[in-house]
Number of protein chains: 2
Amino acid sequence: MNPSTSTESSAASSVPEQPKRLKLISWNIDGRNAENIKSRTEGVQGVIANEKPDIVFFQEVIPWSFAYLKGVFDETYECIAGGDAGYFTAAMVKKATVKLHDFYLQPFYSSKMGRNLLILQTEVTSSGIPLLLMTSHLESSNVEGSERKNQLKKAFEEMKVADSKYTVIFGGDMNVRDSEIVQIGGLPEGISDLYEVTGSRPECYYTWDNARNDNLYFPQRVKSRFRFDRAENRYVLLCHWRLDPDTVLAHLTNHE
Amino acid sequence: MNPSTSTESSAASSVPEQPKRLKLISWNIDGRNAENIKSRTEGVQGVIANEKPDIVFFQEVIPWSFAYLKGVFDETYECIAGGDAGYFTAAMVKKATVKLHDFYLQPFYSSKMGRNLLILQTEVTSSGIPLLLMTSHLESSNVEGSERKNQLKKAFEEMKVADSKYTVIFGGDMNVRDSEIVQIGGLPEGISDLYEVTGSRPECYYTWDNARNDNLYFPQRVKSRFRFDRAENRYVLLCHWRLDPDTVLAHLTNHE
DNA sequence: CCGTCATAG
DNA sequence: CCTATGACG
Ligand SMILES: [Mg+2]
Ligand SMILES: [Mg+2]
């Protein structure tokens, strides 16, 4: 059991006075699956408590698990939910290091699954660096590729039009295939993928691996795996990232 | 009603003494549809008689229509069938201009639809230019993309390994999407697409258009269209092609 | 939230 | 030989 994307950043050399690091975790905690939801959520709590990330992006929290995690972390983190029924995204920012100024939702109007974009306007407290945080759980399943590509384009558009003061981080469960990125014309100018900019290390590639995670069982001879969970970055000042392969264990997220 | 791909070539300038032109037609004549099969096949006959192509690639001939067309054109064309049951491909080469030396089939072993590759070893009579002609009707339907891509790769391989004396033309109903070409890594080095090398004229793009051809009716609000029919070329001497938009009318092939 | 297949529109 | 949906492995 592990979050699917865990990264750390350091500030660019133009702000050398305090090489501040930020730790980011993105994690689909499989709220669509009721099985062991209590113990799995306790496991999530344990990882967050150990890792002490500055920023957390969740997908598939449910009302119960959001209340639980907010109950645990309310003193140390701002906890923001992207919905209040079914399953939805959430974001947590560590009060000690990141100042939350505002947050809002951008709906995906043609989503059949109630998906949206959760956006937080924040600031790195120590340096004053403005940070726009975005997370989403894009339309699931291969057959919804067309809707998903539209959602991804809208998210990229949101990154591009953000105030130029912001370093923008868009991370989450994008359910996206590499071929779909090609089909929408690749990443827009100025936006980079954290897996790629950290050297495309093979051990960090798969974030959803049906051979390593039995949370969802499909009776296939050859198991499927994808890089569904990603983080895209429009950087202004924060730019050195490191991807942690141990916490990129294939959505290991879902299962305890 | 029109063939989907009609092209003419002229010899490269290195053989200037006789700027020989060749006319090629590729045409899926919709033998999977029994409706009006007789009158539609007579329509095919009429177009071939008018256009007098040097080379014809057919897909979806059936035993009856092959016998009919061979009966009509046997004196002026070599008529080769790629099968003898159900529906299959066929090729015709005009005896007056193209010499047929041999022909053979390459099976697609994992085809669920009995598809294969029909290959003719020929020679342009006037110039002696060796010409390898290949046609196929690659696996149909969107969901068979994986099988179809394998078939296409095998066909490209066949083009690449052909004796270097040959100019190779592979034309037919490839049922292929542009994205699938990208997924197999694009056209191999040395192979070019006749639509592209003739300037990618938009009026020649769609060869299967459900809005312009009611042979197959689907109750969709927005009709689909694709460039299913293509011709790929590994040229040695023949290299100047012209695509005829009037005969590229969207598989108009199928319907009279 | 996989890949494959069948069916309806 | 389209797209959308749902069942099944
Ligand atoms: Mg899930
Ligand atoms: Mg057909």
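Sequence lines set the chain letters: A, B, ... in the order given, protein chains first and strands last, and positions in each chain run from 1. Everything numeric here is computed off the predicted structure, so don't read it as measured data.
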Next item on the list: Specify the separation, in whole Å, of atom CG of A:Asn28 and atom P of C:dC2.
Entry: 12 Å
Item checked: Sidechain N-carboxylate O distance under 4.0 Å for A:Asp193, A:Arg227 -> yes
Note to self: At 4.0 Å (heavy atoms only), tell me whether B:Arg225 reaches a base, stays on the sugar-phosphate, or touches nothing.
What the structure shows: nothing
Notebook entry, point to check: In whole Å, what is the span from the CG atom of A:Asn215 to the P atom of C:dC1?
Noted result: 10 Å
Item checked: Between C1' of C:dC1 and OH of A:Tyr206, the distance in whole Å -> 17 Å
Check: What residues, two or more places apart in sequence or in another chain, satisfy side chain to side chain donor-acceptor pair (under 3.5 Å) together with B:Ser110?
Finding: B:Glu147
Next item on the list: Report the distance from atom CG of A:Asn175 to atom P of C:dG3, rounded to the nearest whole Å.
Entry: 12 Å
Notebook entry, point to check: Taking only residues two or more places apart in sequence or in another chain, which ones pass salt bridge (Lys or Arg N to Asp or Glu O under 4.0 Å) with B:Lys149?
Noted result: none
Margin query: Suppose we screen for salt bridge (Lys or Arg N to Asp or Glu O under 4.0 Å). Which residues come up paired with A:Arg32, at least two apart in sequence or across chains?
Written below: A:Glu60
Notebook entry, point to check: Rounded to the nearest Å, what distance is computed from the CE atom of residue B:Met174 to the P atom of nucleotide D:dC1?
Noted result: 13 Å
Check: To the side chain of A:Ser224, which of C:dC1, C:dG3, D:dC1 is closest?
Finding: C:dG3
Check: Salt bridge between B:Lys160 and B:Glu157, side-chain N to carboxylate O under 4.0 Å?
Finding: yes
Notebook entry, point to check: Using a cut-off of less than 4.0 Å, is there contact between a side-chain N or O of B:Lys112 and OP1 or OP2 of C:dC5?
Noted result: yes
Next item on the list: Could you check which residues of residues 140-155 of chain A get a heavy atom under 4.0 Å from DNA chain C? Sort them by number, please.
Entry: A:Ser140, A:Ser141, A:Asn142
Enumerate the protein-to-nucleotides 7-9 of chain C contacts in which both atoms are nitrogen or oxygen and the separation is below 3.5 Å.
none

Checklist line | Interatomic distance at P, C:dC1 relative to D:dG9, whole Å | finding: 22 Å
Item checked: Sugar-phosphate, base or nothing in reach of A:Arg177, heavy atoms under 4.0 Å -> sugar-phosphate
Check: Rounded to the nearest Å, what distance is computed from the NZ atom of residue A:Lys223 to the C1' atom of nucleotide C:dT4?
Finding: 14 Å
Item checked: Phosphate OP1/OP2 of D:dC1 contacted by B:Asn210 side-chain N/O (<4.0 Å) -> no
Note to self: Just the rounded figure in Å: distance from C1' of C:dC2 to CG of A:Asp30.
What the structure shows: 14 Å
Checklist line | Counterpart residues, salt bridge (Lys or Arg N to Asp or Glu O under 4.0 Å), relative to A:Lys223 (two or more places apart) | finding: none
Margin query: If the condition is ring-ring contact (aromatic ring centres under 6.0 Å, His included), which residues does B:Tyr77 pass it with, not counting sequence neighbours?
Written below: B:Phe73
Item checked: Closest to side chain of A:Arg32, choosing from C:dC2, D:dC2, C:dC1 -> C:dC1
Item checked: B:Phe103 atom CZ, neighbour heavy-atom count above 12 within 6.0 Å -> no
Check: Rounded to whole angstroms, how far apart are CG on A:Leu216 and C1' on D:dC8?
Finding: 15 Å
Which atom pairs, one a donor and one an acceptor, fall under 3.5 Å between side chains of residues 83-92 of chain A and the rest of the protein, sequence neighbours left out?
unit_1	atom_1	unit_2	atom_2	d
A:Tyr87	OH	A:Arg115	NE	3.3
A:Tyr87	OH	A:Arg115	NH2	2.7

Checklist line | Test salt bridge (Lys or Arg N to Asp or Glu O under 4.0 Å) applied to B:Glu144 - qualifying residues, sequence neighbours left out | finding: B:Lys112
